[in-house]
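Written out below as structure tokens is the structure these notes cover.
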Amino acid sequence: MDIGILGGGIAGLSVALALSKKGHSPRVYERRVAPATMGAGVTLWPNASFVLEELGLLQDIAAIGGRPPTMRRQDAAGNALGGLDIGLLDRTMGYPTYTVLRRHLQEVLLDHAAQAGIPVAFGRRAVAIELGTNGRAVAHFDSGASICPDLLIGADGRMESVARKFVAGDNAPIYQGFVNWIGVAQASRALVNDVSIQDFWGTGQRFGSVPVRPDLVYWAAAQARPLPNAAPAVNMRNEIEGLFAEWPEPITRLIQATPADAIRLIAVHDLEPLHTWSRANVLLVGDAAHAP
Ligand SMILES: Cc1cc2nc3c(=O)[nH]c(=O)nc-3n(C[C@H](O)[C@H](O)[C@H](O)COP(=O)(O)OP(=O)(O)OC[C@H]3O[C@@H](n4cnc5c(N)ncnc54)[C@H](O)[C@@H]3O)c2cc1C
């Protein structure tokens, strides 16, 4: 079957690998001109590891990922608020939890796509999908090119999915009232004592730190703010350092060990659940279907 996949993120590449294993010939169309290098990291919980094993990727993830034993939660003054025994979770679920940098996960997915002979075309931004006269969807790209595969999969994320627009009529994400600054701290020495995930909760602010190794830690700082104020400041690192100056370590240490130009601000949006993820021969997967 001729299958076109819009979006070469986690969902698009994973579904391409799964379809290829079933003997299909998917093609991936990604709007970026090159693989993404920004973004911090993701925690791959046991359900993700199960899928990665099925896809034959888990060994590669194990080689680059961290294994957090616990998640510890504290308030802004450092008082314990409980946590999660991740070792117990992993044993119960039968699969390990890994922490990885997003760009490394993307590299593993792209390497396996290349090994499977799956074409991934960069610089291909879909601008619209319409129903052809034969009842099959036609996806149009900004270059003027179009495709009309047997199956069109929309893996084009949660912010402006053209596939979701075609399936659901509306693809407008809803601002959740807070921003996230994300970054990756790296140093020649250990930045944290152990590779546990740490989650700090304050009033209207939050900070999460996720080590891949003691010297390589990705983090997300959050603050509740109205959307008009969600634009990035000129020096985001200074701004975050000020906001979290009184909070427990390793927060300040992590912010300072992050290159200022590698911090990204995300105004966190979500999508309403859909009753159906398909229309004609278009199927939504990943955040385009069910943003977390
Ligand atoms: C701050 C933050 C932290 C998170 N942490 C975790 C975590 O720890 N663990 C976890 O499991 N999940 C986490 N998530 C959620 C997770 O990142 C998403 O669920 C996941 O990235 C969704 O993958 P996706 O491929 O559907 O979408 P995306 O990763 O958004 O990929 C969509 C792709 O489609 C491309 N695209 C978009 N529009 C078009 C177009 N018109 N034409 C062609 N290509 C297009 C984009 O460039 C992109 O490459 C986090 C999310 C956020 C925001």
Side-chain angles (χ1 to χ4, degrees), residues 4-18 27-52 61 65-66 68 71 84 86 97-103 105-106 109-110 113 120-129 139-143 145-147 152-166 171 173 175-176 178-184 197 199 206-212 218-223 263-271 277 282-292:
I5 300 173
L6 303 179
I10 296 170
L13 293 172
S14 300
V15 80
L17 288 165
R27 286 172 177 273
V28 179
Y29 302 88
E30 165 59 43
R31 71 177 169 186
R32 292 180 207 273
V33 292
T37 53
M38 288 295 282
V42 276
T43 306
L44 301 168
W45 296 100
N47 52 347
S49 292
F50 162 72
V51 174
L52 289 162
I61 297 296
M71 189 272 286
L84 176 68
I86 298 176
T97 293
Y98 288 106
T99 57
V100 289
L101 296 190
R102 243 171 223 277
R103 59 176 182 268
L105 173 60
Q106 190 83 8
L109 289 164
L110 280 169
V120 180
F122 288 93
R124 304 292 291 273
R125 177 191 290 270
V127 287
I129 300 174
H140 299 281
F141 295 96
D142 58 358
S143 61
S146 58
I147 54 168
L152 183 62
I153 294 183
D156 47 353
R158 76 185 190 290
M159 290 310 287
E160 47 179 345
S161 164
V162 293
R164 188 177 171 104
K165 177 106 182 161
F166 175 80
N171 63 354
Y175 183 56
Q176 298 300 303
F178 68 102
V179 295
N180 253 201
W181 294 269
I182 57 170
V184 181
I197 297 173
D199 194 16
R206 182 176 172 181
F207 194 98
S209 110
V210 188
V212 177
Y218 66 83
W219 53 266
Q223 190 191 38
I263 295 174
R264 219 184 116 201
L265 180 92
I266 301 171
V268 179
H269 286 70
D270 200 358
L271 291 163
W277 292 343
V282 179
L283 174 68
L284 303 177
V285 297
D287 275 10
H290 48 78

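By convention here, the first residue in the shown sequence is residue 1. In listed order, ligands and their atoms are each counted from 1.
- Minimum heavy-atom separation, Leu271 to Pro173: CD2-CA, 3.6 Å.
- The nearest pair of heavy atoms linking Ile182 to Ala220 is CG2-CB, 4.0 Å.
- Heavy-atom minimum distance, Val42 versus Arg102: CG1-NH2, 3.3 Å.
- Nearest non-hydrogen protein atom to atom 15 (C) of ligand 1 is Pro292 CG, 3.9 Å.
- Of the protein's non-hydrogen atoms, Ala126 O, 3.0 Å is the one closest to atom 41 (N) of ligand 1.
- In terms of heavy atoms, Gly286 sits closest to Ala11 at CA-CB, 3.7 Å.
- With respect to Asp270 and Arg158, no salt bridge is recorded, no charged nitrogen being found less than 4.0 Å from a carboxylate O.
- Ring planes of Tyr175 and His269: tilted class, angle from 30 to 60°.
- Taking the ring centre of Phe141 as origin, the terminal cationic atom of Arg124 falls inside the region bounded by 6.0 Å and 45° from the ring axis.
- Interface atoms of ligand 1 facing Gly286, defined by a heavy-atom separation under 4.0 Å, are 26 (O).
- If you look at His290 next to ligand 1, there are no close heavy atoms at all, none under 4.0 Å.
- At a heavy-atom cutoff of 4.0 Å, ligand 1 is contacted by no atom of Trp45, backbone or side chain.
- Remark: ligand 1 atoms within the under-4.0 Å shell around heavy atoms of Gly157 are 27 (O), 30 (O), 32 (C).
- With sequence neighbours left out, the side chain to side chain donor-acceptor pair (under 3.5 Å) criterion links Glu160 to Arg31.
- Looking only at heavy atoms of the protein, atom 9 (N) of ligand 1 is closest to Thr43 O, 3.0 Å.
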task = Show your working on side chain to side chain contact (heavy atoms under 4.5 Å, CB included) between Ile129 and Leu6 and close with a plain yes or no.
result = CA-CA 11 Å; Ile129 300 174; Leu6 303 179; 3.9 Å; yes
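- Using a 4.5 Å cut-off on side-chain heavy atoms (C-beta onward), Leu101 and Tyr218 make contact.
- Among protein heavy atoms, the minimum distance from atom 49 (O) of ligand 1 is reached at Glu30 OE1, 2.7 Å.
- Near Arg125, meaning under 4.0 Å from any of its heavy atoms, are these atoms of ligand 1: 42 (N).
- Taking 4.0 Å as the cut-off, Glu160 does not count as a neighbour of ligand 1 on heavy-atom distance.
- Residue-ligand proximity, Asp156 to ligand 1, at heavy-atom distances under 4.0 Å covers atoms 32 (C), 34 (O), 36 (N), 37 (C), 38 (N), 39 (C), 45 (C).
- Although no hydrogens or angles enter the test, the distance criterion places no donor-acceptor pair under 3.5 Å between the side chain of Gln176 and the main chain of Phe178.
- Formation of a donor-acceptor pair under 3.5 Å by the Asp156 side chain with backbone atoms of Ala163 is found in this model.
- Summary of contacts: the protein heavy atom closest to atom 26 (O) of ligand 1 is Asp287 N, 2.8 Å.
- The shortest N/O to N/O separation between Tyr218 and ligand 1 does not fall below 3.5 Å.
- Among residues two or more places apart in sequence or in another chain, the side chain to side chain donor-acceptor pair (under 3.5 Å) test is passed with His140 by Glu130.
- Residue Asn180 touches ligand 1 through its side chain alone, judged by heavy-atom distances below 4.0 Å.
- Heavy atoms of Arg32 found under 4.0 angstrom from ligand 1 belong exclusively to the side chain.
- Any N or O atom pair closer than 3.5 Å counts here, and Ile10 shares at least one such pair with ligand 1.
- Of the candidates Ala11, Gly7, Ala139, it is Ala11 that places a heavy atom closest to atom 25 (O) of ligand 1.
- Short contacts between ligand 1 and Arg102, defined as distances under 4.0 Å to a heavy atom of the residue, involve ligand atoms 4 (C), 14 (N), 16 (C), 17 (O), 21 (O), 50 (C), 51 (C).
- Contacts of Arg124 with ligand 1, taken as heavy-atom pairs under 4.0 Å, involve the backbone alone.
- The protein heavy atom nearest to atom 44 (N) of ligand 1 is Arg31 N, 3.2 Å.
- Side chains of Leu44 and Phe50 form no contact here, defined as non-hydrogen atoms less than 4.5 Å apart.
- Heavy atoms of Ala155 come nearer than 4.0 angstrom to ligand 1 in at least one pair.
- Within the 3.5 Å criterion, the main-chain N or O of Trp45 finds no donor-acceptor partner in the side chain of Thr43.
- The shortest N or O to N or O distance between Gly41 and ligand 1 is not below 3.5 Å.
- Distances below 4.0 Å separate heavy atoms of Gly9 from the following atoms of ligand 1: 25 (O), 31 (O), 33 (C), 49 (O).
- Annotation: atom 6 (C) of ligand 1 to nearest protein heavy atom, Val42 CG1, 3.7 Å.
- Nearest heavy atom pair, residue Leu109 against residue Ser14, reads CD2-OG, 3.8 Å.
- Here's the thing with Ile266: none of its N/O atoms is less than 3.5 angstrom from an N/O atom of ligand 1.
- Which parts of ligand 1 touch Arg158 is read off a 4.0 Å heavy-atom cut-off, strictly below it: atoms 53 (C).
- Below 4.0 Å from some heavy atom of Tyr29 lie the following atoms of ligand 1, by number and element: 43 (C), 44 (N).
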